[in-house]
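Data block below; observations after.
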Amino acid sequence: MSTVAAFYGGKSILITGATGFLGKVLMEKLFRTSPDLKVIYILVRPKAGQTLQQRVFQILDSKLFEKVKEVCPNVHEKIRAIYADLNQNDFAISKEDMQELLSCTNIIFHCAATVRFDDTLRHAVQLNVTATRQLLLMASQMPKLEAFIHISTAYSNCNLKHIDEVIYPCPVEPKKIIDSLEWLDDAIIDEITPKLIRDWPNIYTYTKALGEMVVQQESRNLSIAIIRPSIVGATWQEPFPGWVDNINGPNGIIIATGKGFLRAIKATPMAVADVIPVDTVVNLMLAVGWYTAVHRPKSTLVYHITSGNMNPCNWHKMGVQVLATFEKIPFERPFRRPNANFTSNSFTSQYWNAVSHRAPAIIYDCYLRLTGRKPRMTKLMNRLLRTVSMLEYFINRSWEWSTYNTEMLMSELSPEDQRVFNFDVRQLNWLEYIENYVLGVKKYLLKEDMAGIPEAKQRLKRLRNIHYLFNTALFLIAWRLLIARSQMARNVWFFIVSFCYKFLSYFRASSTLKV
Ligand SMILES: CCCCCCCCCCCCCCCCCCCCCC(=O)SCCNC(=O)CCNC(=O)[C@H](O)C(C)(C)COP(=O)(O)OP(=O)(O)OC[C@H]1O[C@@H](n2cnc3c(N)ncnc32)[C@H](O)[C@@H]1OP(=O)(O)O
Ligand SMILES: NC(=O)C1=CN([C@@H]2O[C@H](COP(=O)(O)OP(=O)(O)OC[C@H]3O[C@@H](n4cnc5c(N)ncnc54)[C@H](OP(=O)(O)O)[C@@H]3O)[C@@H](O)[C@H]2O)C=CC1
C-alpha cells in the first residue's frame, strides 16, 4: 500500500487554481489514488457565463476524469466548489464557507496565479503576491492544517544562471510594493514597472519571486513547502499520455508550427528545453504534501522539478521530433507545410519573419480580399509573432537548477511510492514523450479526429506542390528580369542552354548508335 496515498485518506484538501492546467491534473490524481479522501475544497469564480457547478461538472465530465469515475464513483459529492475571487478582499468568500474552510482544512495546494507575461503589475501583484499573503493569513487560522504547498516557477529567479533550492531576496520588499500600488495610479505604475522588474524578463516571473518572499515572511509556524516546476508540458503517463488543455508554453508553438503559420523561430538550438510533464509535477506535489505534513521540516523547503540537469533535451532535438511527428500525424487544414528553422541570429530571424511569416500572410490576405472575404491573416500573424517574441527569452538561454531536496525526497519514498508517485524524470523517453505530446495537442486541444489524417496528408502534398510551383515561378521571373538587364547573365544563360543542348545531342546520338 502506498504511504503517500494512504496519507490523503480522510483528509480535507483545499486547492486554489483547481480549474487550471496543473490544478485539474492534481485533483484527478488525488481522487484516483486516494478515493477515500474526505473532501476537496476548490476556490472557483464564475467564468464565461458558467456557474461554479457548471464549471465543476465540465471538468468532471472531461476525458481526463474518465478513470476517476471508475475508482471513485461518488466524485461529485467529494468536490466542494466555493465561490471565491482571489482579486478581492477575503477572496469574497461567504462567512459560512470561510468558517468551514478554516475549521476543516488539512492540506492546502496553492496553484492559482496569473501566468500571463504581459499582465499589469497591479493585477499580477494582487494575484501572485497579495492573494498568497491572504491565503497564508487564512492558513494561520486553520487549527487542523498540516501542510501548505505553494506552487511557484523555476523561472522566478531566471535573472540568475545557477539557481539553488533557496528563496532569494528581491531588491524591493513585497510589502512596500503592495502598499505603494494602493495609492499610485496606473500611468505611474506603468512608468516605474521596468525599473522595478530590473533584469526579470516579465512581470509574471517577477511577481512569482515576490510571492516566494511573502511565503517566507508570512510563514509563522506553518509547515510550508515551495515547488518550482520549469515549463509544464502534457502528461507523460497519467492518467494517459499527451493530455493538455491550454495554449500556454510550448502548446501554442506546436499548434502554430503544425498549422504551418510558424516556420522559423529565434532560438538557440542547443539551449536546454526544460519541459517537465504535468503528471510528474503533480506526483512531486503530492509527495511533498505528505513529507511536509509528516516530517515537518524546520524551515520552508524549496523543490525544483526540472528536466535539464537529469535528462536534458534541447530545442533542436525537440523541433526535429515535433516535425517528424507532423509527418505521421499532420494537423488538419494547415496554412503551409510545417517547417522549423532555428536561428539565434537577430538579422536572420528578421529575414525569416519577413519572408516566411509576413509575406505569405499578406499574399493570403490579398487573396481573401480578391475573393470578397475579410482579410485576417496579417493580424493573426502579428499576434503570433508578438507571442513568440515574449517566449524568446526562455528559448535562448539555459539554466542550472539544483535538485538536492527533490532527490532527497525521492530517496525518502518507499519503492511503492516511487512507483505510484513517480517524479524521476530520468526515466522519460523524450522521443516518445514528444510524439504523444503532439498527438495530445491534436486530439485534446484542437479536437481533431484521427480519421481526418489521410485528407490532411493529401492537403500537405498539394501544399508541397504549390510551394515548388511558386518557387519555380519566382526563380524564372527573377532570372528573366536579370537576363533583361545584364549582359553577363545573358552569357551565362546561353552557355547553360548550349551546354544542355550539346549534352542532349550527344546522349541521343550515342543511344541511336547502340540500337
Ligand atoms: C518554427 C519553430 C518550430 C518549433 C517546433 C516546436 C518545438 C517546440 C518549441 C516550443 C517552444 C516554446 C517555448 C516555451 C517557452 C515558455 C517559457 C515559459 C517559462 C515560464 C513557465 C511558467 O512559469 S508559467 C506558464 C507560462 N505562461 C505562459 O506560457 C503564458 C504566455 N502567454 C501569454 O502571456 C499571453 O498569451 C500572450 C503571449 C501575452 C499573448 O496574449 P494576447 O492578449 O495576445 O492573447 P491570448 O493569450 O488570448 O492569445 C492570442 C493569440 O495568441 C496565440 N497564443 C497565445 N499563446 C501562445 C503561445 N504560447 N504560442 C503560440 N501562440 C500563442 C493564441 O493562439 C491566440 O490566437 P487567436 O487570437 O487566434 O485565438
Ligand atoms: N504552466 C506552466 O508552464 C507553469 C506553471 N507554473 C505555476 O503553476 C501554477 C498553475 O499554473 P497553470 O495551471 O499552468 O495555470 P492556469 O492559467 O492554467 O491556471 C490558473 C488558475 O488560477 C485561477 N485563477 C486566476 N485568477 C483567479 C482569481 N482571480 N480568482 C480565483 N482563481 C483564479 C484560474 O481560475 P480560472 O479558471 O477561473 O481562470 C486557474 O484555475 C501557477 O502558480 C503557475 O505559476 C509554474 C511553472 C510552469
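Just follow the structure's listing: the first ligand is 1, and inside any ligand the first atom is 1.
If you look at R55 next to ligand 2, the close heavy atoms, those under 4.0 Å, all belong to the side chain. At a heavy-atom cutoff of 4.0 Å, ligand 2 is contacted by the backbone of S230 but not by its side chain. With a 4.0 Å cut-off on non-hydrogen atoms, Y204 touches ligand 2 through its side chain and not its backbone. Under 4.0 angstrom from ligand 2, there are no non-hydrogen atoms of T16. Counting heavy atoms closer than 4.0 Å to ligand 2, residue R228 contributes nothing at all. Counting heavy atoms closer than 4.0 Å to ligand 2, residue L127 contributes side-chain atoms (C-beta onward) but none from N, CA, C or O. Residue T19 touches ligand 2 through backbone and side chain together, judged by heavy-atom distances below 4.0 Å. Residue contacts with ligand 2, taken as heavy atom pairs separated by less than 4.0 Å, do not involve A131 at all.
Taking distance alone, with nitrogen or oxygen atoms compared against 3.5 Å, T153 stays at or beyond that limit from ligand 2. Not a single N or O atom of A154, backbone or side chain, sits closer than 3.5 Å to an N or O atom of ligand 2. Remark: ligand 2 and I231 share no N or O pair separated by less than 3.5 Å (distance only, no angle test).
Here the side chain of K69 pairs a donor or acceptor atom with the backbone of L60 at under 3.5 angstrom.
Annotation: side chain to side chain contact (heavy atoms under 4.5 Å, CB included) contacts of P174 (sequence neighbours excluded): V129, L210, M213, V214, Q217. Shown here are the side chain to side chain contact (heavy atoms under 4.5 Å, CB included) partners of N429, two or more places apart in sequence or in another chain: L431, E432.
Taking the six-membered ring for Trp and thresholds of 30 and 60 degrees, Y204 and F117 have ring planes inclined between 30 and 60 degrees apart. Note on ring orientation: taking the six-membered ring where Trp is involved, the planes of F148 and H150 are parallel (angle under 30°, cut-offs 30° and 60°).
Between W401 and Y155, the gap from one ring centroid to the other is short of 6.0 Å.
Geometrically, K11 engages F7 in a cation-pi contact defined by less than 6.0 Å to the ring centre and at most 45° from the axis.
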